Amino acid sequence: MQNEERSRAISAVELAAVSNISNLTNDRIEALAGGHGMVNMAIHTVANVITTELLKGAKLSIEFADVRRLPVDDIMEKAIKVAKLSGADGANAALITACIMYLAGSAAQVGIPAGNRKLGATARMLAGVDRSGVAAVPTAKMNNKISGFPAVLAINQAMMEGRLSTLDGRNLPMNVGGGPLYGHSALGEDYVWPELAVNGAKIGTRAMLDAMAGVVMAPHPFTAAVLGSAAILEIIHPDAEVPEGKGTYGRTTSVYLVGQAAVEEAGLPEKLHYKVTGEEIETAKLVGDVGLILKDIGAPAVIGMMAFDEIFSVFQEGIAGFSGGPVNSPLGHVGAYAVIAMKALLKNGGDAAKTAKEIVAERSATTFDPEVAQLCLNTINRKAHELYRGPVTSLLIEATEPARVKALYRRAAYSYDKLMEGETLENIVVHFDDERVATVEKYAGILFSGMTGETVSVKVRKIAAGARRTTKLTHKYWSFDPLVDITVKMGDKTAVMDGFVHDIIPKVVKGECQDVAWAVPFAAGAMDELALCACSILNVVVPAAVAAAIKKHEPAEAADIAEKAAYLTRAIPGAKAAAKYVGNLALNIMEY
């Protein structure tokens with residue numbers, strides 16, 4: 001009889017918890033479905049559209065054809081429509097569609113002059129939005145955000161001062177400028193455009209890096225390179241052939257030279273490799289092509305560029321975004337694995353089972369918390385699946401569902417057993433939060449040791465609220481004003497950092513505390529994971545719901561107790577309301 005009661009309670013809590021996936025996270029995922037704050041749902045739904053079409057045999061090629069419309073336009077138009085239905089406005093829908101189309105295998109440009117087609121311009125026109133200049137294209141929000149204006153300004157200053165080229169337009173003979181003797185021969189192809197491409201890309205990229213640093217953003221090489229490339233591609237002939245030996249005639253344009261120079265200036269690696277599939281791409285080609293897309297795309301919003309950042313978080317080298325990296329970011333940032341799943345599904349010929357195993361194995365090996373990583377993917381893909389179903393969201397749900405079931409069951413079973421033994425709800429919740437901290441410490445050590453080749457350990461000694469503020473909110477929810485003591489060891493070195501977030505980090509940025517500066521990136525990586533822990537609130541919701549279901553506490557009381565006990569999961573508000581809802585439903589299920 002007791003076994004039956006146990007099974008009923010666990011089942012009731014599990015089913016109540018998954019009845020509304022919004023109760024598994026403090027992130028506002030219902031708002032995301034309407035484009036409020038982020039547009040990453042559109043990444044998932046556009047990937048669904050493109051993958052569906054490609055698995056049916058559709059072609060993504062942009063052709064140099066004497067026709068008004070290409071077959072690829074139909075795919076892009078459908079993808080843009082779905083992106084808009086998923087919360088993206090026209091410019092953001094065009095950007096997301098063009099970038100994912102490019103990564104799926106579409107060319108960025110073809111043809112000159114009539115029949116000339118560019119991926120970014122085509123997406124912009126199909127989305128029905130106006131063109132803007134690169135100066136109006138923002139970066140993603142990286143605490144602060146700027147636009148491409150510094151690159152445009154620096155290139156234009158160099159141009160006016162005669163530093164962009166060693167040649168002078170005043171020396172062009174009559175009937176040379178503006179015609180084929182310039183555009184399709186030695187003057188343009190061997191002298192003018194190669195020099196402008198290299199100098200302009202370097203100047204524009206350096207200006208972006210310096211501007212980011214000047215507004216106290218961490219200089220972001222990929223963003224600087226693509227916006228620096230876009231700025232010079234507004235000026236020079238992007239379809240020009242390159243000098244002999246610099247590329248294949250008819251296939252390599254000045255865009256490649258721009259990308260090559262920008263990559264060198266930004267210090268990016270020469271080659272990039274996709275996660276899961278391992279496919280390789282030349283960084284110069286990627287940066288040049290993406291710069292060309294940005295030149296033509298219109299004026300995306302900051303949230304569109306945040307989605308852009310996550311789309312390019314698909315590479316092992318970690319050149320952009322968060323959702324492909326070790327930190328489990330807020331669900332509004334999650335997008336990389338939609339593109340990774342698209343690439344892997346196409347490589348595997350549509351074999352979803354094989355692809356699912358590959359993605360789970362790769363994600364579990366590259367994150368600070370493998371369980372939470374799978375919960376995040378499952379939650380965001382379930383919401384995206386509501387908007388537009390397809391093979392990508394289906395695959396990612398199927399891949400991560402076993403982890404979600406296990407996560408729910410083990411918390412419900414442990415909570416039931418301990419409550420029946422007389423353990424308090426508070427202690428059960430603390431147990432789960434302790435476990436989560438230990439998991440992050442463990443995987444931070446594994447990942448950082450692998451990166452450095454030395455033994456690295458991270459130990460969180462204290463997490464509390466109200467480090468420096470006096471308001472009630474910051475003393476209840478710790479992520480708003482973290483009071484953190486943490487120790488990092490690497491080889492023979494040890495850094496003991498009390499007041500890590502509110503004291504040590506500002507001092508290091510100001511040039512102080514340089515004796516522990518080496519340890520800050522390791523501690524910060526682990527603390528980013530913990531500070532963003534409300535992407536999954538199972539540690540509060542499940543124990544509280546079990547206590548409510550077996551009538552140890554009223555649902556509202558259980559929710560209040562659980563949230564107060566959750567020293568880690570109580571990072572931001574929201575868990576108590578979710579726990580109360582799930583507790584009430586679990587109790588109703590038990591009593592039915």
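Remember, predicted model here, so these are calculated numbers, not experimental data. Computation of the quantities below employed the complete heavy-atom set of this structure, encompassing side-chain atoms and omitting hydrogens, waters and symmetry-equivalent molecules.
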Hey, can you tell me if Phe315 and Phe312 have their rings parallel, tilted or perpendicular (30° and 60° cut-offs)?
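Rings of Phe315 and Phe312: parallel, as their planes differ by under 30°.
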
Which residues share a ring-ring contact (aromatic ring centres under 6.0 Å, His included) with Phe322, sequence neighbours left out:
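Partners of Phe322 by the ring-ring contact (aromatic ring centres under 6.0 Å, His included) criterion, ordered by chain and then number, come out as His333.
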
Applying ring-ring contact (aromatic ring centres under 6.0 Å, His included), can you list everything that pairs with Tyr337, at least two apart in sequence or on another chain?
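Partners of Tyr337 under the ring-ring contact (aromatic ring centres under 6.0 Å, His included) test: none.
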
Side chains of [X] and [Y]: do they bring a donor and an acceptor to under 3.5 Å?
X      : Y      : answer
Tyr102 : Asp289 : yes
Thr367 : Asn328 : yes
Asp369 : Thr439 : no
Asn539 : Arg411 : yes
Thr379 : Thr25  : no

Not counting sequence neighbours, list each pair that qualifies as a salt bridge (charged side-chain N to carboxylate O under 4.0 Å, His left out) and has a residue in residues 128-141.
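Salt bridge (charged side-chain N to carboxylate O under 4.0 Å, His left out) check on residues 128-141 returns Arg131-Glu234.
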
Measure from the side-chain N and O atoms of [X] to the backbone N and O of [Y], and report whether any donor-acceptor pair falls under 3.5 Å.
X      : Y      : answer
Thr393 : Asn381 : no
Arg28  : Asn26  : yes
Asn378 : Gln374 : no
Asp27  : Ile29  : no
Arg124 : Gly298 : no
Glu310 : Ser323 : yes
Lys343 : Leu103 : yes

Between Glu371 and Arg410, does a salt bridge (charged side-chain N to carboxylate O under 4.0 Å, His left out) hold up when you go through it step by step?
CA-CA 12 Å; Glu371 180 184 76; Arg410 73 179 185 85; 3.2 Å; yes

Answer yes or no: are there more than 12 heavy-atom neighbours, outside [X] itself, under 6.0 Å from its atom [atom1]?
X      : atom1 : result
Lys275 : NZ    : yes
Asn143 : CG    : no
Lys285 : NZ    : no
Tyr388 : OH    : yes

Side chains of Lys118 and Pro238, heavy atoms from C-beta outward: is any pair under 4.5 Å?
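Touching, per the 4.5 Å side-chain cut-off.
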
Residue pair Val215 / Ile146, side-chain heavy-atom distance below 4.5 Å:
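Yes, at least one pair of side-chain atoms sits under 4.5 Å.
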
So which heavy atom on [X] is nearest to which on [Y], and how close?
X      : Y      : answer
Val540 : Glu563 : CG1-N, 4.0 Å
Cys376 : Cys535 : SG-SG, 3.5 Å
Val582 : Ala16  : O-CB, 3.7 Å
Lys295 : Leu233 : CD-O, 3.0 Å

Taking NZ, NE, NH1 and NH2 as the nitrogens, is one of them in Glu401 or Arg382 under 4.0 Å from a carboxylate oxygen of the other?
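A salt bridge links Glu401 with Arg382.
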
Just verifying a value: how many Å separate Ile75 CD1 and Ile80 CD1, rounded to the nearest 0.5 Å?
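If I round to the nearest 0.5 Å, the distance is 12.0 Å.
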
